[in-house]
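In what follows, a structure is listed as structure tokens, so that the remarks can point back to it.
Small disclaimer: the values here were computed from a predicted structure and weren't measured.
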Amino acid sequence: MENRKLRVAITHGDTNGVGYEVIFKTFAEPAMLELCTPIIYGSPKVAAYHRNALGIQGNFTIINSAEEAHEGKLNLLTTFDQEVKVEMGQPSKEAGKAALMALERAMTDYKAGLFDVLVTAPINKNNIQSDDFHFCGHTEYIEDRVGNGNKALMILMNDIMRVALVTTHLPIKDVAQAITEDKIIEKATIFSNSLRRDFRISNPRIAVLALNPHAGDSGVLGSEEQDIIIPAIKKLADNGVLAFGPFAADGFFGSGAYESFDGVLAMYHDQGLAPFKSLDTGNGVNYTAGLPIVRTSPDHGTAYEIAGKGVANENSFRHAIYDAIDIFRNRLIYDEPQENPLKKLYHEKRDDSEKVRFSVPKPKE
């Protein structure tokens with residue numbers, strides 16, 4: 001594996017949120033520039049406004065293309081020249097457009113192989129909507145742009161657990177209908193593969209949560225467990241995926257049972273994220289698994305309520321960079337033995353009726 005600094009692309013997110021604050025605070029630590037070569041996809045004018053308004057250190061080098069990125073510098077790639085009105089803590093279409101322009105440029109550069117991993121600062125899912133962005137969030141957008149037909153899986157992770165979601169940004173009224181046997185099998189399989197490849201866990205154990213209270217109480221409180229979730233778990237076992245459950249979510253988290261598993265598969269957003277954030281140690285990261293690109297983000301939003309006050313905590317963003325680099329290198333280690341497989345050690349006859357490892361010459365008469 002090549003020993004070099006990875007190029008970390010960073011999109012600046014909503015320009016009225018805490019994106020630039022957590023970026024500057026993260027790279028105020030000199031060791032971060034020894035770890036990677038950061039490339040911020042954003043606007044020098046907006047970046048300078050945030051830096052000055054917050055009164056924090058944030059020296060950056062302006063570049064016009066990712067090829068110009070300098071090691072040991074905080075590089076800022078100009079993704080647009082238009083003036084953007086910055087209103088700290090206020091949602092606006094202008095801020096959403098600025099976030100999208102950074103994302104679009106990053107997607108183009110990823111396809112060209114100009115950086116290694118992507119870390120996204122938070123966006124506002126409402127004001128970024130446009131003819132070019134009609135998705136529920138980063139996860140669905142990135143899957144559409146660079147997924148190459150692969151399906152994404154949202155994983156929230158920290159020091160104590162990894163939580164993946166069967167459904168992501170859906171209204172509660174639509175969740176039950178969206179839970180299908182095939183969907184559970186698909187997401188659990190992606191999860192298992194990610195735990196093996198991205199986290200180097202040889203035999204990952206996945207806990208599958210129930211949909212209904214008390215896991216449906218044998219059908220009294222809902223039949224999804226018996227009709228959908230349990231059959232899915234059985235098929236996963238047949239496919240070699242170590243999935244267990246379904247577990248009632250309240251008792252599962254309340255008893256600390258999550259400590260016995262490598263990953264937890266929740267049925268819907270708040271079922272997994274509410275306990276995750278309650279138990280979070282301040283360094284939670286959102287990881288988009290299942291795609292060719294390695295993309296992470298902090299597990300918080302735009303935080304409008306504290307934007308511009310200088311009190312945003314950068315720990316989650318810093319760990320998003322750490323995790324992106326670790327996952328990228330884990331993939332290299334996992335994939336390396338499979339790049340040049342050994343030739344087959346057996347001879348295949350034309351009719352394929354018999355295979356032997358070697359041919360034994362007939363004894364001489």
Side-chain angles (χ1 to χ4, degrees), residues 125 136-137 139-140 151-196 199 201 203-281 284-290 299:
K125 296 176 181 61
C136 297
T139 302
E140 296 81 3
K151 294 295 183 181
L153 176 70
M154 182 186 292
I155 299 177
L156 275 294
M157 56 192 188
N158 57 21
D159 293 339
I160 59 177
M161 74 175 82
R162 302 177 192 88
V163 178
L165 305 177
V166 175
T167 62
T168 52
H169 301 109
L170 275 184
I172 289 295
K173 65 181 179 63
D174 298 331
V175 168
Q177 186 176 359
I179 300 295
T180 65
E181 191 175 314
D182 288 343
K183 180 67 71 174
I184 294 170
I185 292 171
E186 174 190 273
K187 297 298 185 180
T189 302
I190 296 172
F191 199 8
S192 180
N193 291 338
S194 176
L195 291 170
R196 292 174 188 274
F199 300 95
I201 300 172
N203 291 295
R205 291 164 50 87
I206 298 172
V208 180
L209 299 185
L211 174 65
N212 297 299
H214 306 295
D217 261 349
S218 300
V220 175
L221 301 178
S223 61
E224 285 83 3
E225 285 72 22
Q226 293 176 313
D227 297 343
I228 299 171
I229 301 176
I230 292 175
I233 291 173
K234 289 180 179 178
K235 288 185 179 179
L236 285 165
D238 293 339
N239 295 337
V241 176
L242 300 179
F244 304 87
F247 299 99
D250 57 349
F252 180 81
F253 288 106
S255 66
Y258 59 86
E259 296 176 353
S260 300
F261 295 90
D262 301 298
V264 180
L265 185 65
M267 292 297 113
Y268 58 93
H269 187 278
D270 285 11
Q271 182 189 52
L273 269 61
F276 174 85
K277 293 192 176 185
S278 297
L279 297 167
D280 189 18
T281 55
V285 173
N286 182 350
Y287 169 49
T288 303
D299 71 343

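Of the possible donor and acceptor atoms, one in the side chain of Thr189 sits under 3.5 Å from a partner among the backbone N and O of Ile185. Remark: the backbone N or O of Gly284 is not paired with any side-chain donor or acceptor of Lys277 at under 3.5 angstrom.
Counting heavy atoms from C-beta on, the side chains of Val166 and Val208 never come closer than 4.5 Å. Looking at heavy atoms from C-beta onward, Asp299 lies out of side-chain contact with Val285 at the 4.5 angstrom threshold. At least one side-chain heavy atom of Arg196 sits less than 4.5 Å from a side-chain heavy atom of Pro204.
Across all their heavy atoms, Asn158 and Leu279 have their closest contact at ND2-O, 4.4 Å.
Residue pairs meeting the ring-ring contact (aromatic ring centres under 6.0 Å, His included) criterion with at least one partner in residues 153-175, sequence neighbours excluded, are His169-His269. The stretch residues 243-262 participates, sequence neighbours left out, in no side-chain hydrogen bond (donor to acceptor under 3.5 Å, both in side chains) pair at all. Residue pairs meeting the side-chain hydrogen bond (donor to acceptor under 3.5 Å, both in side chains) criterion with at least one partner in residues 209-234, sequence neighbours excluded, are Asn212-Glu224, Asn212-Glu225, Ser223-Asp227. For residues 160-180, the set of pairs meeting the salt bridge (charged side-chain N to carboxylate O under 4.0 Å, His left out) definition, not counting sequence neighbours, is empty. Judged as a salt bridge (charged side-chain N to carboxylate O under 4.0 Å, His left out), the pairs with a partner in residues 181-193 (not counting sequence neighbours) are, in order, Glu181-Lys235, Lys183-Glu186.
When the side chain to side chain donor-acceptor pair (under 3.5 Å) test is applied to Ser194, the partners found at least two apart in sequence or on another chain are Asp198. Asp159 meets the side chain to side chain donor-acceptor pair (under 3.5 Å) test with Asn283; sequence neighbours excluded. Every residue two or more places apart in sequence or in another chain was checked for a side chain to side chain donor-acceptor pair (under 3.5 Å) with Thr139, and none qualifies. Residues satisfying the ring pair (Phe, Tyr, Trp, His ring centres under 6.0 Å) criterion with Phe247, sequence neighbours excluded, are Phe252, Phe261. Partners of Ala249 under the side chain to side chain contact (heavy atoms under 4.5 Å, CB included) rule, at least two apart in sequence or in another chain, are Leu209, Gln271. Looking at residues two or more places apart in sequence or on another chain, you find no side chain to side chain donor-acceptor pair (under 3.5 Å) involving Tyr268.
Atom OG1 of residue Thr288 and atom CD1 of residue Ile155 lie 9.0 Å apart, to the nearest 0.5 angstrom.
Applying the side chain to side chain contact (heavy atoms under 4.5 Å, CB included) test between Met267 and each of Thr167, Ile228, Ile184 identifies Ile184 as the sole match.
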